[in-house]
There are 2 protein chains.
Amino acid sequence: MLETVTLMKTAEATDNVPESTRKGDAEKRGRKASKEVRQLQLIEATIDSLAKRGYAETTMADVADGAGLSRGIVNFHFESKEKLLIATLQHMYDEYSAHWRASLQKAGDDPARQLQQLVWADFDRSICNKRKLAAWLAFWGEAKSRPTYQALSSSRDNYYQQVFIDLCATLKESGGYSYEPQVIALALSAMLEGLWLRLMMGTEDTTRETALQAANAFLAAAFPKHYG
Amino acid sequence: MLETVTLMKTAEATDNVPESTRKGDAEKRGRKASKEVRQLQLIEATIDSLAKRGYAETTMADVADGAGLSRGIVNFHFESKEKLLIATLQHMYDEYSAHWRASLQKAGDDPARQLQQLVWADFDRSICNKRKLAAWLAFWGEAKSRPTYQALSSSRDNYYQQVFIDLCATLKESGGYSYEPQVIALALSAMLEGLWLRLMMGTEDTTRETALQAANAFLAAAFPKHYG
DNA sequence: CCATTTTGAATGAATGTTCAACAAATGGTG
DNA sequence: CACCATTTGTTGAACATTCATTCAAAATGG
């Protein structure tokens, strides 16, 4: 039991998991809550392994060791290695999705501010750190050849893209720009992914700060009336 | 010598041809080809396998089968699987490098045209096709956790980035723009990589044509005096 | 006939999965 | 509360499979 608590601490230290629901569930249904915690713990260990060793070298044994548990435990909570990886990808996808939606919510009603918040959200520490970027990249590398991953591995889904397009369309009208919203939205979102890619690769000239500078420079160049 | 030509043909045909209709059964078995041709043949088969199965599922047997040769042959021409993969990556790196340098050469002396050609070169069929993009992505996914890959896997190296920065600096002066060349060059090159990423992933809204449109839109937005 | 290239089976290591045994928590019953 | 049965969770060894590598023998070309 004591071990469970400390392990939960480390698992949550890396992320920003809300603490509110945890204790309540534990008191009501200690067993079920413990099950969810274990699964989360194993997912976190999987992200660790993906980040440290890459997709190809990530083994069940490494995940179990990383979580401080025995070898057979992963097949109990997740049926197979593939299902563990899918659950991990789903977890990261949900987290990313919730993050940009929250950022959009906080931005208020001004579309210029909304777009800016959406861009900045991509470089937030909670999302944009070495560990998670490396895990994303590991999945991306396998996504094209694994149909199961394709839907989730984009992280930026169709709806996300549509929000970008709509915002660009709104700014175009209010600013009198001349390009197609779809096209400039694609350029913008592609640049964000490209900046992530550079951060993942650990290219020397790219840090979270310089990446954010570049993103801001794009906004200023494309929407001078709003961000100039 | 004649055989050399035919083998090179099949190797290059796979870039554009949808799939299958490969393997020159005529001259595959028993016949000795020159060492270099065999190695190239195996490298092409490796790219095929990476594109079709991804990094994690690429096996020596699959490479050998794809080349129509026996199992042990890869360890004869390349010492190990790792060295085969490094040679494959080096091959792709060299090809990409030669391609953009040639494009730059052809562009003449006008810096605006040079930058445009550099951007367009990224979406040339010979470089930008499903097979090779998938292979690139497979390497990217493993690069961060494999020091041996890091230098080669960027495809766009430091020199490439410096050329971008210099061109942006020149355009800045002649056009009276206000941003830092380094920053806008990072935004531009990141967008190119991001567009590649979308093409690799097979996102529906992104084709080679729309990607090129987005890249052009970026140029027009960032350098209106030159590309408006 | 010699050097080089190619084959394909053998080998050994790595790894995902299964499972029987064990531990702990839960729920019911007296 | 005490006791036991049952469900749930965990372990670690055994098992089967996959795969890179090795190598002796065969094939090929000069």
Side-chain angles (χ1 to χ4, degrees), chain A residues 1-5 7-8 25-43 45-46 49-50 52-88 142 146 148, chain B residues 1-4 7 23-42 45-46 49-50 52-88 142 145-146 148:
Chain A
M1 188 52 115
L2 196 148
E3 184 180 319
T4 302
V5 173
L7 282 168
M8 276 167 53
D25 283 4
E27 245 176 319
K28 284 181 211 162
R29 306 183 142 203
R31 232 192 258 168
K32 193 185 175 190
S34 143
K35 186 170 188 172
E36 286 161 5
V37 167
R38 270 284 121 95
Q39 291 186 351
L40 241 169
Q41 182 187 359
L42 289 170
I43 285 175
T46 306
S49 184
L50 286 171
K52 201 183 310 166
R53 304 168 58 136
Y55 187 98
E57 303 294 326
T58 286
T59 66
M60 300 285 266
D62 192 49
V63 169
D65 289 353
L69 298 171
S70 72
R71 301 281 151 107
I73 196 64
V74 186
N75 286 95
F76 177 79
H77 285 289
F78 306 86
E79 265 179 65
S80 64
K81 182 184 183 182
E82 188 177 14
K83 289 188 177 170
L84 167 71
L85 290 167
I86 289 171
T88 302
E142 294 293 320
R146 311 226 179 188
T148 327
Chain B
M1 191 49 122
L2 195 147
E3 185 179 311
T4 300
L7 280 168
K23 56 181 140 184
D25 282 13
E27 66 268 27
K28 73 168 185 187
R29 195 179 180 89
R31 290 249 167 193
K32 276 192 192 173
S34 79
K35 200 162 191 165
E36 288 158 8
V37 167
R38 269 285 120 95
Q39 291 185 351
L40 240 171
Q41 183 186 2
L42 289 170
T46 305
S49 182
L50 287 171
K52 201 181 310 164
R53 309 188 152 208
Y55 187 99
E57 304 294 326
T58 287
T59 66
M60 300 284 266
D62 191 51
V63 170
D65 289 354
L69 298 171
S70 71
R71 301 284 151 102
I73 195 66
V74 186
N75 287 93
F76 177 78
H77 286 288
F78 305 86
E79 265 178 66
S80 64
K81 183 183 183 183
E82 187 177 15
K83 288 188 178 170
L84 167 69
L85 289 167
I86 290 171
T88 303
E142 294 293 321
S145 51
R146 312 226 180 191
T148 327

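Naming convention: chains lettered A, B, ... in sequence-line order (proteins, then strands); numbering from 1 in each chain.
With D/dA20, C/dT6, C/dG16 as the candidates, the nucleotide lying closest to the side chain of B/Phe76 is C/dT6. Of the candidates C/dT15, C/dT7, D/dT22, the closest approach to any side-chain atom of B/Asn75 belongs to D/dT22. Listed candidates were C/dT6, C/dT17, C/dT5. Nearest to the side chain of A/Met60 is C/dT17. Checking C/dT6, D/dA20, C/dT15 against the side-chain heavy atoms of B/Thr59 singles out D/dA20 as nearest. Set against C/dT15, D/dT21, D/dT10, the side chain of A/Ser70 has D/dT10 as its closest nucleotide. Here the side chain of B/Ile73 is nearest to one of D/dT21, C/dT6, D/dT10, namely C/dT6.
One finds the CG atom of B/Leu40 at 11.5 Å from the NE2 atom of B/His77 (value rounded to the nearest 0.5 Å).
For the OP1/OP2 pair of C/dT4 and a distance below 4.0 Å, the side-chain nitrogens and oxygens of B/Lys35 include no atom meeting the criterion. Contact annotation: A/His77 side-chain N/O to D/dT8 OP1/OP2 distance is not under 4.0 Å. Put simply, A/Arg71 has no side-chain N or O that comes within less than 4.0 Å of OP1 or OP2 on D/dT10.
Atom pair A/Gln39:CD and D/dT10:C1' shows a separation of 14 Å (rounding to whole Å applied). The NZ-P distance, from B/Lys81 to D/dT18, rounds to 15 Å in whole Å.
A/Leu69 is listed as a side-chain neighbour of A/Leu42, based on a closest heavy-atom distance under 4.5 Å.
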